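Position 1 is the first residue of the sequence; numbering continues from there. Everything numeric here is computed off the predicted structure, so don't read it as measured data.
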Amino acid sequence: MGNCFSSSSTPPKPLPIDSKFSFPSPLPAWHPDGASNGGGFASGVIDLGGGLEVRLISSFNRIWTAREGGPENLGATFFEPSSLPEGFFVLGYFCQTNSKALFGFVLAGKNSGSAGEEALQKPVDYTLVWSSELSKIKRDGNGYIWLPTPPAGYRAVGHVVTVSPEKPSVDKIRCVRSDLTEECEKETWIWGLTKSIDENRFNVYSSRPKNRGSTATGVSTGAFVALPPAEASSPPRPLFCLRNLNSVSAAMPDLNQIDHLFQTYSPIIYFHPKEKYLPSSVEWFFSGGALLHDKPDESNPVPIEPDGSNLPQGGDNDGQFWLDLPADEEAKEKLKNGDLQISKVYLHVKPMIGGIFTDIGIWIFFPFNGPATVKVGLIDIPFRKIGEHIGDWEHITLRISNFTGELWRVYFAQHSKGEWVDAPSLEFEKGSKVVAYSSLNGHASYPKEGLVLQGLSEIGIRNETAKSGLMLDAGEKYTVVAAEYLAVAEPPWLNYTREWGPRIEYPITEEIERAERLLPGRLKEGFKGFVKKLPNEILGEEGPTGPKMKDAWNGDER
C-alpha cells in the first residue's frame, strides 16, 4: 500500500482544494428578460452539431487524493462529474492541484441526433494507465487511472479514475464519434510524483486543442491527460478533444451582453507611482499632433486626422509608412507623457476554443515606452535610451465561459510573452473586477505587484509594479472596435498595418561601456552578452505595429 492514509490515521490537514472558489460578488443575469437567447450565450448548453450537445459540469464527487507531488508539493485530487442532467453522459474525469480552491469544469455530452448515428457510445474495454500501488507518496488509499477503449469509429476524450484495481463499468463514460473529435495536446502541469516536472515519470496535465484560433473548431473537454514516463515502450493511445461542426460564434454574446460582461470583469489597472509615460486614447494622440511619415517624402510628414481616416489601410508592413511625435518640443513632451484622464481601452471580442469561450482582448495605447533598467547582481543600471520607443500597444485578455458567463482566466501580456492566470489566483476589487499592475516604463501587465526579472537568475530587466493613485478603471471608458462575428464597424486606425513609431538606432556600445564601469569583473561579460540578446520588444529598433498585426489578434495567446 505504500505510505497512505487510512481510517485509523490522523486526519489529514485541510487543503486549499477543500474549499470551492466563488467570485467576490454575485454575477448578473446575462438574460435580464429571462430568455436564454435560443440556446445561445450563457444558456448552459452548446450544440456542436453532428448530433452532439454539450453541457458544462462544475459539480464533482471526490474520488482519490494524492497529498504529495505537483505544484507546491501539495498533491492533487481526482473527481467524477456529478449531478448530470437527464440524457447527458460523462466524457472524462477532472483533476486539479490541491494548491488552489476548487475551480474547473468538464463537458458532459448528449446524443441529439437520429437513431443509428449516435454521437456517443460506451467503451468496449479499459486500459490501466497508472496506479499508485507501488508509489511512496502520501495519499488517501490507492488510485487507478483508466483509458477507455472506444468502439470502431469512436475516440476516447477522457479518463476514468477509481479506487479499485477492478476495471470500471463501461457505463461510467462515453466515447465520441471520430468526426466530432480532433487532436489535443498537454497544456498545464497539474500533478506528478515529484515537486517539479520529471518527464521520465508519470504526470498529469490539463489539455487543449492543438489548433487554436478565432476560427478553429477544437473544443476542450476540461478533462485531464495522464501521460506515462517518456521512455515507456507502449504509451497509451492519445486523447482527443471535441470538434465543433456548427458555427463557432453560435453561443457568443451580443453587444448588450458584452457590455454587461465588461462592466462585471473589466480590469482596474494600477501604474507604478514613478510612472511618467501613461496611456491615452488614440484620438487624443492623433489630435495632439502625431505625424504620418511616407518614405518617398519622409521630410514632409502630415498630421493625422483624429479618427485616423488619412492613414493608409491594409497591406503589408512594408516600411513605407510610420508614425512619429510632432517636431515641436512642447507638443512632443505632452504626447510622450500621455493623459490618464482621457485614456480609454479598445476591445476586440472573438470566439475561442471552438466557440465555448469568449475572449475579450483589452488593448491599451501608450504614446511612449520609457527606458529599461537592468538588475545585475545587487546593482541596478538604468539605461538612457534602450527600451524607448514611440507607440506602445499593450493588452490584457479576459476569457469568459459561453456556457455560464463566468470569467475563467485572464492573460497578462508581458513584452513578447505573457501568462494565463485562472480566476482563483486573481486579485479583485469593486466586486469581480480584475486587478492588474503595469510595469514601470515598459508597461507589461502582471497579476500581482512586486518585482519580476526578465532574463537570467543574476541579470535581468526590471519589471517593477506597485499600487498607487495612478489607476485606470477600464470599464469607465472603452469602445468595442472589433467583433468580426457581429460585423462591428472598425475605426480606420485599426486597419493601419504599418509601424506606430520610427525605427530607432540605440547606442548599445555606449550603454554597455557606461554600465561596465559600474560592474565587478565577473559580471561584465555576462552583462554584455545579456544586452546583445535582448528581444526586439525591449530594443525597439523597429517601430511597433498595431493590435491587428499581433499574433494574438486571430490566434490564441502564447
Side-chain angles (χ1 to χ4, degrees), residues 214 255 258 262 269 277-295 297-298 300-327 331-332 334-350 359-369 389-397 413 443 472 474 476-484 486-504 537 540 542-554:
S214 58
L255 283 173
I258 291 170
F262 200 62
I269 305 169
Y277 305 110
L278 293 162
S280 74
S281 70
V282 170
E283 296 82 357
W284 177 87
F285 179 66
F286 291 164
S287 299
L291 299 172
L292 171 66
H293 287 258
D294 185 344
K295 191 171 186 179
D297 193 19
E298 59 182 278
N300 293 300
V302 297
I304 304 169
E305 295 295 328
D307 63 354
S309 56
N310 62 330
L311 292 172
Q313 299 290 287
D316 297 324
N317 180 22
D318 53 13
Q320 291 298 307
F321 300 93
W322 64 92
L323 308 188
D324 205 347
L325 299 171
K332 180 184 294 185
K334 181 179 179 181
L335 284 195
K336 284 173 66 174
N337 292 337
D339 189 331
L340 193 56
Q341 300 306 311
I342 206 72
S343 293
K344 66 191 303 186
V345 299
Y346 303 94
L347 308 186
H348 176 215
V349 186
K350 65 182 181 183
D359 273 15
I360 301 180
I362 305 161
W363 291 89
I364 309 155
F365 179 69
F366 295 80
F368 194 75
N369 195 90
H389 60 81
I390 296 164
D392 182 27
W393 280 102
E394 302 291 343
H395 75 283
I396 296 168
T397 298
H443 308 140
L472 174 64
E476 291 184 355
K477 293 180 183 178
Y478 65 93
T479 300
V480 179
V481 293
E484 289 82 356
L486 293 174
V488 169
E490 299 178 354
W493 58 259
L494 187 59
N495 291 296
Y496 169 70
T497 57
R498 275 72 170 196
E499 293 165 357
W500 284 69
R503 178 180 174 84
I504 299 173
E537 288 75 13
E542 297 290 342
T545 52
K548 261 198 174 181
M549 301 298 286
K550 311 299 185 187
D551 291 341
W553 185 263
N554 292 314

Checklist entry - What is the distance from atom CD1 of Ile390 to atom CG of Asp324, rounded to the nearest 0.5 Å? => result 4.0 Å
Next on the checklist: With rounding to the nearest 0.5 angstrom, report the CG to NZ distance, Leu278 to Lys336.
Outcome noted: 13.5 Å
Checklist entry - Between His443 (side chain) and Tyr277 (backbone), is there a donor-acceptor pair under 3.5 Å? => result yes
Checklist entry - Just wondering, more than 12 heavy atoms not from Lys548 lying within 6.0 Å of its NZ? => result yes
Item to check | Straight-line distance of Leu335 CG to Trp284 CH2, nearest 0.5 Å | outcome: 5.0 Å
Checklist entry - Would His389 and Trp500 satisfy side-chain contact (heavy atoms from CB on, under 4.5 Å), going step by step from the backbone distance to the final call? => result CA-CA 9 Å; His389 60 81; Trp500 284 69; over 6 Å; no
Checklist entry - Given side chains that start at C-beta, do those of Asn310 and Phe286 come closer than 4.5 Å, heavy atoms only? => result no
Checklist entry - What's the shortest heavy-atom distance between Ala413 and Glu394, and which atoms? => result O-OE1, 4.4 Å
Next on the checklist: Treating Asp359 as the side-chain partner and Gly361 as the backbone partner, does any N or O pair qualify as donor plus acceptor under 3.5 Å?
Outcome noted: no
Next on the checklist: Could you go through Trp493 and Phe285, starting from their C-alpha distance and side-chain angles, then the distance that decides it, and tell me whether this counts as ring-ring contact (aromatic ring centres under 6.0 Å, His included)?
Outcome noted: CA-CA 12 Å; Trp493 58 259; Phe285 179 66; over 10 Å; no
Checklist entry - Counting distance only, does the side-chain N/O of Arg498 pair as donor-acceptor with the main-chain N or O of Gly546 below 3.5 Å? => result no
Next on the checklist: Measuring only between side-chain heavy atoms, which start at C-beta, is Ile396 closer than 4.5 Å to Ile269?
Outcome noted: yes
Item to check | Separation between CG of Leu292 and CD1 of Ile304, rounded to the nearest 0.5 Å | outcome: 5.5 Å
Checklist outcome for this item: On a heavy-atom basis, the closest approach of Val481 and Glu490 is O-CG, 3.2 Å
Checklist entry - With a 4.5 Å limit on heavy-atom distance, are the side chains of Phe321 and Leu311 in contact? => result no
Checklist entry - Counting only N and O atoms by type, is there a donor-acceptor contact under 3.5 Å from the side chain of Thr497 to the main-chain atoms of Asn317? => result no
Item to check | Donor-acceptor under 3.5 Å (Glu484 side chain, Lys350 main chain) | outcome: no
Checklist outcome for this item: All heavy atoms of Gly308 vs all of Pro492, minimum pair found to be O-CB, 3.5 Å
Checklist outcome for this item: Scanning both residues in full, the closest heavy-atom pair of Ala474 with Phe262 reads O-CE2, 3.4 Å
Next on the checklist: What verdict does the side-chain contact (heavy atoms from CB on, under 4.5 Å) test give for Val282 and Trp363, after you've listed the backbone C-alpha separation in whole Å, the side-chain angles of each residue and the deciding distance to 0.1 Å?
Outcome noted: CA-CA 11 Å; Val282 170; Trp363 291 89; over 6 Å; no
Checklist entry - Do Leu323 and Tyr496 come within less than 4.5 Å of each other through their side chains, counting heavy atoms only? => result yes
Next on the checklist: Using every non-hydrogen atom in the two residues, find where Lys332 and Pro326 come nearest and quote the distance to one decimal.
Outcome noted: CE-O, 3.1 Å
Item to check | Between NZ on residue Lys344 and OG on residue Ser280, distance to nearest 0.5 Å | outcome: 11.0 Å
Checklist entry - Given side chains that start at C-beta, do those of Val480 and Leu486 come closer than 4.5 Å, heavy atoms only? => result no
Item to check | Within 6.0 angstrom of Asp316 CG, more than 12 heavy atoms from elsewhere | outcome: no
Next on the checklist: Ring centroids only, cut at 6.0 angstrom: are Trp553 and His348 within range, meaning strictly under it?
Outcome noted: yes
Item to check | Straight-line distance of Ile364 CD1 to Ser343 OG, nearest 0.5 Å | outcome: 9.5 Å
Next on the checklist: Check the orientation of Tyr346 and Trp393. Use parallel for under 30°, tilted for 30 to 60°, and perpendicular for over 60°.
Outcome noted: perpendicular
Checklist entry - Do Asp339 side-chain atoms and Lys334 backbone N/O form a donor-acceptor pair below 3.5 Å? => result no
Next on the checklist: Looking at every heavy atom in both Thr545 and Lys550, which two are closest together, and how far apart are they?
Outcome noted: O-NZ, 3.0 Å
Checklist entry - Any side-chain heavy atom of Val349 within less than 4.5 Å of one from Val488? => result no
